[in-house]
J.: 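What follows is a single structure, and I will ask about it in a moment.
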Amino acid sequence: MEVLVILVPAALMLGLAGLAAFLWSLKSGQFDDLDGAPWRALRDDE
Amino acid sequence: MSEMTSMARDFSHYIRHPAPGLDRMELAVEGMNCAGCMSKIERGLKELPQITLARANLTDRRVALEWNSGTLDPSRVVDRLTELGYKSYPFEVNEAEKAEAERAGNLLRYLGVAAFAAMNVMMLSVPIWTSTDLDMTWEQRDFFHWLSAVIALPAAVYAGQPFFRSALSALRAKQTNMDVPISIGIVLAMGISLVETYQHAEHAYFDAVLMLIAFLLAGRYLDQKMRLRVRAVAANLTALKAETAAKMIGEGEVREVPIAAVQAGDIILLRPGERCGVDAVVIDGCSDVDQSLVTGESRPARVEQGAVVYSGTLNLSGALRLRVTEPADTSLLAGIERLLDNANQARSRYVRLADRASRVYAPVVHAVALVTMIGWVLAGASWHDAIVIAISVLIITCPCALGLAIPAVQTVASGAMFKSGLLLQSGDAIERLAACDTVVFDKTGTLTSPELDVANARMVPDDVLALAGRLALTSGHPMAAAVARATKAQFVVPGAREIAGQGVVADMDGREIRLGSPAFCDAQNVADEVARSEPDASIVAFADGDARYALAVRQLLREGAAGVVADLQREGLSVEIMSGDRESAVRAAANALNVRRWRAGTNPAEKFDAIEEMKGDGRRILMVGDGVNDAPALAAAHASIAPITASHLSQNIADIVFLGGRLDPLVAAIRLARKARRLMSQNLWLAVGYNLLAVPIAIAGLTTPLVAALAMSGSSLIVIMNALRGSRADAEGAAWKF
């Protein structure tokens with residue numbers, strides 16, 4: 001059961017990293033244009 | 001028209017300065033529907049060397065632009081987009097939309113936090129649920145519970161804010177809403193879980209609390225997103241109307257400015273064919289004006305020096321110089337304000353279905369929990385056990401399904417309405433619309449199309465009409481414009497020239513053709529004859545060599561209006577007309593539409609009183625109107641709808657704004673609202689049914705956190721699936737592309 005000492009913090013850290021990434025993407029306006037963004041990814045002129 | 005486009009356009013009102021030395025402007029763009037358009041617009045705008053940033057937003061159909069201050073005339077951008085084939089106009093994000101956008105952003109952030117916490121707590125809960133005493137010691141279980149508490153407590157406090165705030169403000173106003181029992185549920189479940197964890201108990205409900213918050217937030221976010229989208233489309237349509245005024249700056253200099261930049265005291269020039277966007281007083285000039293959008297009267301009125309011209313007035317004949325008394329957003333027909341106050345007070349008494357449900361729900365559930373507790377104590381259980389069971393009753397009845405039952409339907413229904421060309425402006429309008437039993441129509445601009453048309457087109461040979469239309473293209477006069485539009489003319493007659501105030505003349509294969517006033521065309525006899533059969537129309541005469549014709553120009557009924565009225569009657573609604581126009585005009589419309597009850601010559605106060613009187617008889621009125629004179633009636637009615645061409649005031653008051661030249665969206669609105677109303681009550685009954693199953697289990701003390709989690713997500717899913725049935729819009733509603 002000593003493995004919990006590693007696994008539990010690791011799981012929480014990963015979760016927090018995911019949350020931080022989500023909050024960052026929200027703040028940098030990535031959710032502003034959900035219709036246009038997928039097409040931008042396909043464009044080769046930028 | 002040529003005169004209008006050559007005037008200097010002043011867009012400085014729309015320019016923002018995000019940083020010193022940097023100009024930023026946003027434009028609404030019509031017809032940007034696909035990724036191709038997006039690339040074309042961005043690339044095309046970047047070809048202007050001054051532009052430092054051009055970013056199109058495909059969701060909002062807008063473009064944001066930045067350039068170094070003073071290097072670029074903003075009207076170049078609009079011209080460039082016109083070259084690319086897109087109509088555009090600068091755009092100012094209004095406060096209401098900004099607030100909605102911020103609320104949507106906040107909800108998404110809360111949702112992210114709640115979902116993160118729910119997933120992580122679930123990761124800790126699943127081992128507890130699946131373990132036995134053999135593979136997990138109580139120390140390990142306590143450790144997992146404490147970890148859950150550390151994650152859940154801050155997350156619930158943060159992400160639960162929308163519910164706590166709304167509940168508090170309701171309680172402060174000595175009322176309850178759905179958020180009160182939700183907040184009580186969250187707080188109690190959190191509290192009992194902490195106490196149980198502290199006492200090394202077997203069950204804690206951290207996961208259930210977070211799931212509840214996440215589900216409810218998801219529902220609210222989708223609802224907010226829909227509302228934001230509708231508002232953005234409405235704002236774009238307003239911007240693309242490109243309402244401007246010719247403002248006089250100093251001696252003789254005229255500049256075209258956006259109507260939002262005009263202030264009280266400014267002097268503006270109103271030319272024939274232009275619609276006035278402000279309230280103003282005539283300084284000099286005299287003209288015939290069409291005030292149908294203001295008063296409902298379709299016959300032109302004469303204005304001279306000192307006369308008041310209200311916002312929405314169309315200038316027909318001569319140029320007027322005006323002093324602005326009220327700028328665009330405060331413009332109001334005298335006396336309307338007081339009526340509006342009365343009407344709004346009456347409307348705010350309506351209690352939403354969700355709040356009515358919560359008024360029944362909260363006392364019942366809280367009483368059941370109390371009885372459960374007392375019952376267990378009497379049956380010999382310890383106080384601790386009794387309290388835990390009572391709270392588990394509250395958790396299992398936690399209004400998850402109930403909290404989603406109505407918003408989910410509302411979101412789906414407003415999405416379906418949006419596709420049918422209906423912009424829903426207030427959330428509870430669907431419920432109110434579904435309850436209506438009478439439709440009261442305004443005539444001018446609502447049943448009739450707001451644009452002028454040729455009423456006697458069938459009496460004139462087609463080739464004559466086509467030629468008259470082509471000749472009319474040369475003139476800027478509203479009557480001529482109506483003839484050109486009605487005949488769908490595309491090619492001007494070469495060499496045609498306009499004689500101001502009289503008409504247009506041209507040579508055609510050696511003979512002279514003329515279009516204009518009967519005197520100008522020497523067609524007084526024919527004109528008088530047509531005027532007798534069309535007493536409400538203005539006469540435009542046409543002379544082709546020796547032949548003389550007279551065209552009767554007036555507003556015609558909207559295409560398909562009779563069919564819509566018949567459909568509404570078939571839906572069980574009684575239809576009435578209430579107009580500010582003269583009796584003869586209203587009677588003609590009523591006969592054509594097969595409407596038996598109508599009133600003519602009503603002023604705003606009479607319309608308002610009539611609506612109040614009908615309400616007094618227990619009828620639920622849907623008012624459909626567009627003019628400033630309809631505004632109090634729109635506000636007084638149980639529900640209200642206005643066309644997109646309506647005056648600003650009426651559009652702001654109406655619950656729903658419909659797009660397009662036809663009335664068909666009205667039928668779709670009624671059908672969708674009634675369907676949504678049915679789904680709402682079904683959902684409420686589903687939630688009740690769920691509680692009838694789940695509550696006895698909780699009262700018996702058999703609830704475990706696993707049961708709570710399953711019951712909660714199960715009931716929410718059922719309610720959402722049922723709501724989704726509302727998205728299958730009736731085939732009647734025209735599909736709209738924005």
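Remember, it's a predicted structure, so these values are computed and weren't measured experimentally. To find a chain, count down the sequence lines: A is the first, B the second, and so on, and within it residues start at 1.
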J.: Are there residues of residues 21-31 of chain A that reach to under 4.5 Å of chain B by heavy atoms, and which ones?
T.: Phe22(A), Leu23(A), Leu26(A), Phe31(A)
J.: Provide the closest heavy-atom pair for Asp35(A) versus Thr59(B) in the form atom of the first, atom of the second, distance.
T.: N-OG1, 3.2 Å
J.: I need the residue from Ala35(B), Ala104(B), Cys34(B) with the largest number of non-hydrogen atom pairs under 4.5 Å to chain A.
T.: Ala35(B)
J.: Between Asp33(A) and Asp60(B), is there a side-chain heavy-atom distance shorter than 4.5 Å?
T.: no
J.: Please identify, among Leu16(A), Leu42(A), Leu14(A), Leu34(A), the residue contributing the most non-hydrogen atom pairs under 4.5 Å to chain B.
T.: Leu16(A)
J.: Please report the interatomic distance CG(Asp32(A)) to CG(Leu58(B)), rounded to the nearest 0.5 Å.
T.: 13.0 Å
J.: Which pairs count as side chain to side chain donor-acceptor pair (under 3.5 Å) when at least one residue sits in residues 101-112 of chain B, sequence neighbours excluded?
T.: Asn106(B)-Arg109(B), Arg109(B)-Tyr158(B)
J.: At under 4.5 Å between heavy atoms, what parts of residues 117-126 of chain B are in contact with chain A? List them by residue number.
T.: Asn120(B), Met123(B)
J.: According to ring pair (Phe, Tyr, Trp, His ring centres under 6.0 Å), does anything in residues 126-148 of chain B pair up with another residue at least two apart or in another chain? List the pairs.
T.: Trp138(B)-His200(B)
